[in-house]
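Here it is: the structure, laid out below.
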Protein chains: 2
Amino acid sequence: MNNHHQHRIFIVDDHQLVIEGIRSLLADAPNYLLSGFSHLPLQVLELLDENPTDILLTDISMPLMSGIELTRLVKKKFPSIKIIAISMHSEGVVIKEMVDAGISGYILKNTGRAELIEALDRVRSGGTYFGEEITREILNSFTARDQEQKLTNREIEIIKLINEEYGNKQISSKLFISERTVETHRKNIFRKTNTQSVVGLLKYAAQHKFI
Amino acid sequence: MNNHHQHRIFIVDDHQLVIEGIRSLLADAPNYLLSGFSHLPLQVLELLDENPTDILLTDISMPLMSGIELTRLVKKKFPSIKIIAISMHSEGVVIKEMVDAGISGYILKNTGRAELIEALDRVRSGGTYFGEEITREILNSFTARDQEQKLTNREIEIIKLINEEYGNKQISSKLFISERTVETHRKNIFRKTNTQSVVGLLKYAAQHKFI
DNA sequence: AGTTCATCAGCTATAATTACCTATTTTTTC
DNA sequence: GAAAAAATAGGTAATTATAGCTGATGAACT
């Protein structure tokens, strides 16, 4: 972690081209050295054993294991590794989860060289880095989130069934409850999520990773 | 297009890191030269005017304009430019459309250096390149697609409005047509897409890149 | 023991969607 | 210019979803 040695970066992304992109950006940055990379989050813990790393750059949406889970696992086993999330779009609602999981920064895939290096510099010196767009999202989601109401398991179950194109009647017989009850749940769901239509609800659910 | 000169590559992708990735891969390939890049599909036509290009690499899912639309426009204005699509996942259902629009190849973002160069080599010599995974998808979708019916522009317009949570009444007043007409369109859409509910329809639409 | 919360269930009424049907006008294509 | 495709619009009925109420039960927490 001293300033005079090279900081070792490990990259996790299921897209080879993104790995190559970061790699090429790092090639011009003498302070940083690639310690390894992988497109399979499942094998990252092992690889980190063999390849000492200071900063881990990880994608969020990956098959088999999300960046959030990976962050938790890595932080548990290697608490000193700093983690920066890389994402396609700024997904406001999941950022809080990522922060809770222990990330030190969050950058978008449309980031250029300057911003990437800036993020790495900040994080390696013990700070954090969240781009402008991200910061705005965080602020938005904090204010929005305070008045948000938690959905119960049953409600989420019903959202999933709605997403699978079941109607109220079908849901009621599938769950062995009355159609009235399903309607009540639906009503409460709409109220809690502050949505008006099934379409809006499912978008909300997708954003919040319920489905 | 001769073998002795460098082939000029233009890259379009809304993610800077992907552009960098391809760029770094090309840097090691003496036969290829970057003629330009852009993360805004809308400005590509202009840029191609100023930067003669042999092969265009374009993302499919981009904001403001999809890779499909871009392909059509580029092919119209510069018929000699070969186009290779780059995509996140192998999206079987849109590949045929891309082929119709005029692409010569299709690669995934988890492509490595070897496959990228292979694709470029094939395409610049007048051939095509579709990876193994893609080829399989194409075969699959050909059987399914034969009985599929094309949606009209108006129908797609209406799907988009449904996706934006407009009801029939609102759609009718937004498009200055009768509610009956909207219902007719809806009916035809459901029939053509072989879907039963709004939820199913929007999933179909998302898969087929209408929205 | 009391409180909160999730789940369940009913009622009435309105609004919206979907399924049938037919038919005209406009635009595109050959 | 004829034929085909797309967009337009109407009606009637049945089904489904949503809004606005009330209220009972059991489990968990304090």
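Just so we're on the same page: letters track the sequence lines, and every chain starts at 1. All values derive from a computational prediction rather than experimental measurement.
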Heavy atoms from C-beta onward define the side chain here; which of dC8(C), dA6(C), dT8(D) lies closest to that of Ile177(B)? dT8(D)
Quick check on dA7(D): is either OP1 or OP2 less than 4.0 Å from any side-chain nitrogen or oxygen of Thr184(B)? no
Mind calculating the distance between CD (Gln170(A)) and C1' (dA17(D)) to the nearest angstrom? 13 Å
Write down the distance between CG (Leu151(B)) and C1' (dA6(D)), rounded to a whole number of angstrom. 13 Å
d(CD, Gln196(B); P, dT15(D)) in whole Å: 17 Å
Arg154(B), nearest nucleotide to its side chain (from dT7(C), dA7(D), dC8(C)): dA7(D)
Expressed as a whole number of angstroms, how long is the span from Ile189(B):CD1 to dT18(C):P? 11 Å
Quick test of your reading of the model: are Arg23(B) and Glu20(B) salt-bridged, counting only N-O distances below 4.0 Å? yes
Answer whether the closest heavy-atom distance between the side chains of His7(B) and Leu120(B) falls below 4.5 Å. no
Separation of atom CZ in Arg186(B) from atom C1' in dA7(D), rounded to whole Å: 17 Å
Under-4.0 Å side-chain N/O to phosphate OP1/OP2 contact, Thr181(B) with dA9(D): yes
Consider the side chain of Asn168(A), meaning its heavy atoms from C-beta on, and name the nucleotide among dG10(C), dA7(D), dT18(D) that approaches it most closely. dT18(D)
Ile22(B) and side-chain contact (heavy atoms from CB on, under 4.5 Å): which single residue from Ile86(B), Leu34(B), Ile9(B) fits? Ile86(B)
Can you tell whether the side chains of Glu157(B) and Lys160(B) come within less than 4.0 Å, N to carboxylate O? no
Can you tell me which nucleotide in dG20(D), dC8(C), dT8(D) comes closest to the side chain of His185(A)? dC8(C)
Separation of dT22(D) atom P from Asn188(A) atom CG, nearest Å, is 14 Å
Starting from the 5' end of DNA chain D, give me the residue, Arg180(B) or Glu155(B), whose nearest nucleotide shows up first. Glu155(B)
Heavy atoms from C-beta onward define the side chain here; which of dG10(D), dC11(C), dA19(C) lies closest to that of Glu183(B)? dA19(C)
Between Glu118(B) and Arg122(B), is there a salt bridge with N-O shorter than 4.0 Å? yes
Identify which nucleotide among dT17(C), dA16(C), dA9(C) has an atom closest to any side-chain atom of Lys169(B), counting heavy atoms from C-beta outward. dA16(C)
Figure out the CZ/P separation between Arg191(B) and dC20(C), and round it to whole Å. 12 Å
Separation of dA17(D) P from Phe190(A) CZ (nearest whole Å): 10 Å
Of the listed nucleotides (dT8(D), dG11(D), dA19(D)), which one gets closest to any side-chain atom of Lys187(A)? dA19(D)
It should be established whether Ser178(B) places a side-chain nitrogen or oxygen under 4.0 Å from OP1 or OP2 of nucleotide dG10(D). yes
Assign each of Glu179(A) and Tyr166(B) the nucleotide of DNA chain C bearing its closest heavy atom; nearer the 5' end lies the nucleotide of Glu179(A)
